[in-house]
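Model, not experiment: these values are computed from the prediction. The chain is numbered in sequence order, starting from 1.
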Amino acid sequence: MSDISIRRATADDSKRLTRLVRTSGAYRGDYAAMVEGYQVGGPYIEHHPVYVAVDDGDAGRVLGFYALLVDEAELDLAFVADTAQGLGIGRLLMEHMTERARAAGLRSVRVVAHPPAEEFYLRTGAVRTGTVPPTGSIHWERPELRYDLA
């Protein structure tokens, strides 16, 4: 793999980020309802800090991204392309996210995780704080975690 960089997403990234979410292998079967019809829209990208990891040697191919809701001190979205799993992209994104959160003056960042992703968040420094009960089309409890930044 070539050099990887992280850059701020733009509205032009909307289709690629939406495709990454909707085609994620982590959201098959029972979990498919969570991403069905989901869209990472241009206005969302322009309003929130959304950052993408790109392969600089492969025409800027998007390898993953995250969205930080600064006002809520919450990680809203975090995805790594199926073809980039296991390459350290997720860890790189979480390191970047915690740096950006600190720079924004946050003391911690909340994460309501997709259940299969809980171990990833724990490995990258989050601590479990509880669970979030089922709601809407989500019929299972989700782990609640926190990155402490102080």
*Does atom CZ of Arg128 have more than 12 heavy-atom neighbours, drawn from other residues, nucleotides or ligands, at distances under 6.0 Å?*
yes
*Output yes when Asp13 and Arg7 qualify as a salt bridge under the 4.0 Å nitrogen-oxygen rule, no when they do not.*
yes
*Between Tyr38 and Tyr27, ring centroids under 6.0 Å*: no
*Please name the pair of heavy atoms, one in Leu149 and one in Ala101, separated by the smallest distance, quoted to 0.1 Å.*
CD1-CB, 3.4 Å
*Which atoms form the tightest heavy-atom contact between Ala26 and Tyr31, and what is the distance?*
O-CD1, 3.9 Å
*How long is the gap from OG on Ser24 to NE2 on His114, to the nearest 0.5 Å?*
6.5 Å
*Steps toward side-chain contact (heavy atoms from CB on, under 4.5 Å) verdict (Tyr44, Glu46)*: CA-CA 5 Å; Tyr44 177 90; Glu46 291 174 352; over 6 Å; no
*asked:* Tell me if a side-chain donor or acceptor on Glu74 pairs with a main-chain N or O of Val111 at a distance below 3.5 Å.
replied: no
*Rounded to the nearest 0.5 Å, what separation is found between the OG1 atom of Thr129 and the CD atom of Glu144?*
4.0 Å
_Co-membership, hydrophobic cluster, residues Ile6 and Leu87, 4.5 Å side-chain_ = yes
*ILVMFWY cluster, Leu68 and Phe120 together (side-chain gap under 4.5 Å)*: yes
_Separation between CZ of Arg19 and CD of Gln39, rounded to the nearest 0.5 Å_ = 12.0 Å
*Drop me the distance from Tyr66's OH to Asp76's CG, to the nearest 0.5 angstrom.*
13.0 Å
*For the atom pair CZ (Phe65) and CZ (Phe79), what is the distance rounded to the nearest 0.5 Å?*
6.0 Å
*Output the distance between atom NE2 (His47) and atom CG (Asp71), rounded to the nearest 0.5 Å.*
6.5 Å
*For the pair Asp55 (side chain) and Gly60 (backbone), establish whether a donor and an acceptor sit closer than 3.5 Å, ignoring hydrogens and angles.*
no
*Taking a hydrophobic cluster as the set of Ile, Leu, Val, Met, Phe, Trp and Tyr residues connected by side-chain heavy atoms closer than 4.5 Å, whether directly or through intermediates, do Leu63 and Leu92 fall within one such cluster?*
yes
_So which atom in Pro133 and which in Glu141 form the shortest heavy-atom distance, rounded to 0.1 Å?_
CA-CG, 4.4 Å
_Does Leu145 form a side-chain contact (heavy atoms from CB on, under 4.5 Å) with Glu118? I'd like the steps, not just the answer._
CA-CA 8 Å; Leu145 304 105; Glu118 180 179 12; 4.2 Å; yes
*asked:* Is there a continuous path of hydrophobic side-chain contacts, each under 4.5 Å between heavy atoms, that joins Val35 to Trp140?
replied: yes
*Under the side-chain contact (heavy atoms from CB on, under 4.5 Å) rule, what do Met97 and Val109 come out as? Steps first, then yes or no, please.*
CA-CA 9 Å; Met97 183 276 299; Val109 174; 4.0 Å; yes
*If you group Ile, Leu, Val, Met, Phe, Trp and Tyr by side-chain heavy-atom gaps below 4.5 Å, do Leu69 and Val40 land in one group?*
yes
*For side-chain contact (heavy atoms from CB on, under 4.5 Å), just list the numbers for Arg22 and Glu36, CA-CA rounded to whole Å, side-chain angles, deciding distance to a tenth of an Å, and then say yes or no.*
CA-CA 7 Å; Arg22 289 183 184 177; Glu36 186 176 295; over 6 Å; no
*Is there a donor in the side chain of Asp56 and an acceptor in the side chain of Ser5, or the other way round, less than 3.5 Å apart?*
yes
_I'd like to know if the side chain of Thr83 pairs up with that of Arg61 as donor and acceptor (distance under 3.5 Å, no hydrogens or angles considered)._
yes
*Side chains of Leu17 and Val52: does their closest heavy-atom pair fall under 4.5 Å?*
yes
*Which heavy-atom pair separates Leu93 from Ala53 by the least distance, and what is that distance?*
CD2-CB, 3.9 Å
